[in-house]
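Side-chain atoms are counted along with the backbone in the values below, which use heavy atoms only and exclude waters and symmetry mates. Here the structure is a predicted model, which is why all the values come from computation and not from measurement. Here is how names work: the chains are called A, B, and so on, in the same order as the sequence lines, proteins then strands, and each is numbered from 1.
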2 protein chains.
Amino acid sequence: MSYTKTEENYLKAIYSLQVKIGKEVSTNELASSLETKASSVTDMVKKLDKKELITYEKYKGVSLTNLGKEIAINIIRNHRIWEVFLVEKLGYKWDEVHEIAEQLEHIKSEELVDRLDDFLDHPSFDPHGDPIPDREGNIPVRKEAIALNELKKGETGIVVGVKNTDIDFLQFLEEMNLTLGKSIQVEKIFDFDKSKVVKTGQQTVTISKEVGSFLIVEKIIQTK
Amino acid sequence: MSYTKTEENYLKAIYSLQVKIGKEVSTNELASSLETKASSVTDMVKKLDKKELITYEKYKGVSLTNLGKEIAINIIRNHRIWEVFLVEKLGYKWDEVHEIAEQLEHIKSEELVDRLDDFLDHPSFDPHGDPIPDREGNIPVRKEAIALNELKKGETGIVVGVKNTDIDFLQFLEEMNLTLGKSIQVEKIFDFDKSKVVKTGQQTVTISKEVGSFLIVEKIIQTK
DNA sequence: AAATATTTTTAGACTTATCTAAAAATTGAA
DNA sequence: TTCAATTTTTAGATAAGTCTAAAAATATTT
């Protein structure tokens, strides 16, 4: 099933307001968020309710169904991945990309955004620092910075610093593509020497326990 | 001024048919090309005529005004540049990209496509081999293959082959980014030894007369 | 050149998303 | 708890783009 741009924008707005205020979203709140009139909102929420994307009761506001939430999060995912592309690949400033991403987020193709996500090495946060949901709708949360060594198998962290500034070490990291902001996933830990196989983007590299102790990462937790 | 997706698709269809059949485009031809009904076409062409994007006379078909042609060519430019992106950067096959490019071509932002064009090193042809108009609407035409040396200052060629297959030479080309399909612009020719300063994408390199004689290019001519 | 076939246009209707203005329901204050 | 203020809904209209069915114009055939 596919939805109109307008429907998607309503779902996105309802999602954001719902997260912000934590209860049913009123007609007026939606109207002002979408810069439209309350009467237009009433019409549209009836339609979305009929499609089971939201639950709507007269005079009681709306909230998203599971399906509606899934769609809203997917649009937000599209938006933020496009923003990363615009900034990282096309050289836009982070404050110039919102408008264009508002358009690109509605392009109909799951595969396109997945490929773009690959191309961008699976970023966890957009250029504004907002979390990028994964394909399943899990939303990453930044945690306190820890050494890479503290990550367990399967966990993901984002490089936020180093504990060793030797030029050789920094050049090594550059070489391995383990630079600031990069997302690293631990694929395997060897028991005998605690060295690790980690993945950044397409690359898979093995790093020693020593390197792992010098790399500071923010552990990413995916939450529903 | 900005146009709706539908208006843009009409202009694009009229342009293609006009190029193909060389005279006024009839209502039925347009209807079948756009997979819609003749009555819908009549309505829309009246509207486009009123906006001075086409000239329309009852029962006589339509043709594009200069403005309409400009817009049509611009949409085609967008489409083909996005196709290059999808194939070269996201790894799509050339026969998988049309649908998505049909959506992306309508994104409203001149700057976006210009930046994308930079990012892709100003391709002259899309993955199907169709020419990509430049920002002014000039359309490149492939000419017979010649040696790079035969290009004059300011002219552009696309690398289609080499006359020397020494591994050293090929590695040199790889290094200089002068690989198959790359577009090369001659910036300067030194009289005394006929060496050339050429540009590929962001890079500017100097190559000797000898290298220039081994590189086979198709000269690109921009035509209105 | 008249009759027939084809193409094109018109008329009227439908859908989506919007609006204004008025009516109805809810909320909050005295 | 009743009356006023606010919010929400309804009713009816508008614009873009589409459709069907019928009328009008053009093209083709004999």
**Asked** How would you list, by chain and number, every residue that makes a side-chain hydrogen bond (donor to acceptor under 3.5 Å, both in side chains) with T200(A), sequence neighbours excluded?
**Response** none
**Asked** Roughly how many Å is it from NZ in K50(A) to P in dT16(C), rounded to a whole number?
**Response** 10 Å
**Fill in**
By ring-ring contact (aromatic ring centres under 6.0 Å, His included), H79(B) pairs with (sequence neighbours left out) H98(B)
**Prompt:** Base, sugar-phosphate alone, or nothing: which one does S40(A) contact when heavy atoms must sit under 4.0 Å apart?
**Reply:** base
**Message:** Can you build the contact string for nucleotides 7-12 of chain C? Use B for base contact, S for sugar-phosphate-only contact, and - for no protein heavy atom under 4.0 Å.
**Reply:** SSBB--
**Asked** Expressed in angstrom and rounded to an integer, what is the separation of L48(A) atom CG from dT16(C) atom P?
**Response** 12 Å
**Asked** Once you round it to whole Å, what is the distance between P of dT18(C) and CG of L30(A)?
**Response** 12 Å
**Request:** Quick one: list whatever passes side-chain contact (heavy atoms from CB on, under 4.5 Å) with M176(A), sequence neighbours left out.
**Result:** F172(A), L178(A), V205(A)
**Close side-chain approach of E105(A) and N9(A), heavy atoms under 4.5 Å** = yes
**Asked** Would you say dT20(C) has OP1 or OP2 under 4.0 Å from some side-chain N or O of K37(A)?
**Response** yes
**Request:** Respond yes when some side-chain nitrogen or oxygen of Y10(B) is under 4.0 Å from OP1 or OP2 of dA16(D), and no when none is.
**Result:** no
**Fill in**
Sorted by chain and number, sequence neighbours left out, salt bridge (Lys or Arg N to Asp or Glu O under 4.0 Å) with K199(B) holds for none
**Request:** For E35(A) and dT18(C), give me the distance from atom CD to atom P, rounded to whole Å.
**Result:** 12 Å
**Item:** side-chain contact (heavy atoms from CB on, under 4.5 Å) involving E88(B) - partner list, sequence neighbours excluded
**Value:** V84(B)
